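To start, the structure under review is shown below, and the notes come after it.
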Amino acid sequence: MPFENYSIIESTLREGEQFSTATFNTDQKIEIARLLDAFGVEMLEMTSPLASPQSEADIRAIVNENLNLKVLTHIRCNKEDARRALDTGVDGVDVVIGTSPKLIQHSHGRSIPEIIELALDVVTYIREQAPDVVLRFSTEDSFRSREADLLRVYLAVADTGLVNRLGVADTVGVALPSQVYQLVSQIVRLTHLDIEFHGHNDSGCAIANACAALEAGATHIDTTVLGIGERNGITPLGGLVARLYTLDQRYVDKYDLTLLPELDRTIANYCNLDIPFNNYITGSSAFMHKAGIHAKAVLADPATYEAINPSHFGLSREISIGHRLTGWNAVRNRAQTLGLSIDDDTLRAITQSIKQQADVAALSMQQIDDMLMGAAQ
Ligand code: HCA
Ligand code: CU
């Protein structure tokens with residue numbers, strides 16, 4: 001099964017650092033890395049050591065933490081970057097080069113044969129210098145590259161037998177799940193190497209595309225906490241977890257799910273963001289039930305309207321009562337929670353009164369509790 005054997009490459013400290021309001025200091029990076037390690041992600045990708053002196057020092061600081069996860073750094077496809085990356089002592093190096101006509105023209109100016117020559121030179125160099133390092137080669141903007149170009153590049157690199165993983169990147173967030181499935185399947189068939197998928201969310205398919213990649217046989221998915229990254233970011237860690245959990249909880253058993261809220265809060269805090277109300281699992285309304293019919297069924301069996309059990313993430317569900325859509329089952333449940341004994345006729349009358357008042361303005365839980373306590377006396 002494709003979902004039973006995958007790893008997360010957590011890129012909050014690389015792609016995430018490219019988000020508009022993200023600049024993590026060393027202590028923050030260490031805290032994020034420790035939390036992700038405790039959560040259980042398999043790999044942590046960090047910004048290139050060439051980005052800045054502090055970036056290089058921070059890679060060394062995280063390597064020194066001796067975490068369970070593997071520490072990777074992300075570099076352009078050239079030997080000097082590779083030398084600097086290996087010098088930090090990381091477990092793995094993620095090499096990337098653009099293959100789309102736009103990137104060929106505006107980023108590095110190399111033709112496809114030149115890209116292949118350079119890629120072979122760089123992966124050979126890295127393997128000579130570091131026989132045990134986990135080596136990944138990725139094409140940037142894979143989905144706007146010519147398919148023939150992509151396959152030439154991937155096959156040339158795969159044929160060296162020197163890389164562990166090939167990366168597919170939806171750099172501008174345009175791929176459809178069917179396209180991701182098709183491309184990843186093709187590379188799996190042709191190379192038998194591990195495949196990583198990195199998907200941006202510009203058009204809202206980042207989670208679906210990550211899932212399609214896994215269905216096609218990808219072994220690694222890039223995520224960031226809250227999905228932060230260039231523009232509006234990439235596949236969010238929590239969103240991927242929600243997607244896989246709802247297929248089968250066992251697919252995410254290996255992670256400490258109760259740490260997800262803390263991870264989301266930590267990154268939101270460091271980036272001066274609010275967690276979006278509709279965020280997967282940790283959004284303020286993710287486990288909020290409102291309409292009377294929903295509340296009644298959820299009180300009988302939460303799974304009626306919940307695909308995700310909040311308690312698995314250390315969270316709890318909420319039943320919203322003080323609005324015109326409320327029902328008397330929710331009101332009765334609130335009275336029971338408060339330990340009040342009120343007969344059904346009175347509870348129904350209170351429900352009608354809540355509806356009438358809420359036609360003007362929603363009531364707070366305190367107002368409802370006051371009504372219930374008044375009726376119980
Ligand atoms: C970048 C682009 C990248 C790389 C992804 C990868 C993308 O370097 O910022 O290395 O697989 O989205 O293509 O993030
Ligand atoms: Cu990216």
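Since the model is a prediction, treat every value here as computed from it, not as a measurement. Along the sequence shown, the residues carry numbers beginning at 1. Just so it is clear, the values below take in all heavy atoms, side chains as well, and ignore hydrogens, waters and symmetry mates. Remember, it's 1-based here, ligands and their atoms both numbered in the order they're listed.
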> Among E17, E230, R136, R231, which residue places a heavy atom closest to atom 6 (C) of ligand 1?
Replying inline: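 Considering heavy atoms of E17, E230, R136, R231, the nearest to atom 6 (C) of ligand 1 sits in R136.
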> Out of E196, Q18, H198, who gets a non-hydrogen atom closest to atom 9 (O) of ligand 1?
Replying inline: Q18
>> Is there a polar contact between ligand 1 and H74, counting only N or O atoms under 3.5 Å apart?
In response: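 Min N/O separation from ligand 1 is below 3.5 Å for H74.
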Listing, residues 27-35 side-chain donor-acceptor contacts under 3.5 Å, not counting sequence neighbours, or none:
from	atom 1	to	atom 2	distance (Å)
Q28	OE1	N25	N	3.0
K29	NZ	D58	OD2	2.9
E31	OE1	Y270	OH	2.3
R34	NE	E65	OE1	2.7
R34	NH2	E65	OE1	3.1
R34	NH2	E65	OE2	3.3

> Who passes side-chain contact (heavy atoms from CB on, under 4.5 Å) against T351, sequence neighbours left out?
Replying inline: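 With sequence neighbours excluded, T351 shows a side-chain contact (heavy atoms from CB on, under 4.5 Å) to T326, W328, V331, K355, given in chain and number order.
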> Rounded to 10°, how many degrees is the angle NE2/H200-the Cu ion (ligand 2)-OE1/E15?
Replying inline: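 About 100°, to the nearest ten degrees.
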> Is the CD1 atom of I293 crowded by more than 12 outside heavy atoms at less than 6.0 Å?
Replying inline: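 Count not over threshold, so no.
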> Just which atoms of ligand 1 are under 4.0 Å from any heavy atom in H200?
Replying inline: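 Result: 12 (O).
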> Which of the atoms in ligand 1, numbered in the order shown and given with their element, are less than 4.0 Å from a heavy-atom of R14?
Replying inline: 1 (C), 3 (C), 4 (C), 5 (C), 8 (O), 9 (O), 14 (O)
> When the aromatic ring centroids of F19 and F24 are compared, is their separation below 6.0 Å?
Replying inline: no
Who's the nearest protein heavy-atom neighbour of [atom], and how far?
{"atom": "atom 2 (C) of ligand 1", "value": "E140 OE2, 3.6 Å"}
{"atom": "atom 14 (O) of ligand 1", "value": "E15 OE1, 2.9 Å"}
{"atom": "atom 13 (O) of ligand 1", "value": "T171 OG1, 2.6 Å"}

> Is the backbone of A175 close enough, under 3.5 Å, to the side chain of N209 for a donor and an acceptor to pair up by distance?
Replying inline: yes
> Quick one: does NZ or CZ of K254 land under 6.0 Å from the six-membered ring centre of Y6, within 45 degrees of the ring axis?
Replying inline: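 Yes, K254 and Y6 form such a contact.
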>> I want to check something: taking the side chain as every heavy atom from C-beta on, are E140 and H108 in contact at a cut-off of under 4.5 Å?
In response: no
>> For the Cu ion (ligand 2), give me the closest N/O/S atom belonging to H198, just the atom name.
In response: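 Among the N, O or S atoms of H198, the one closest to the Cu ion (ligand 2) is NE2.
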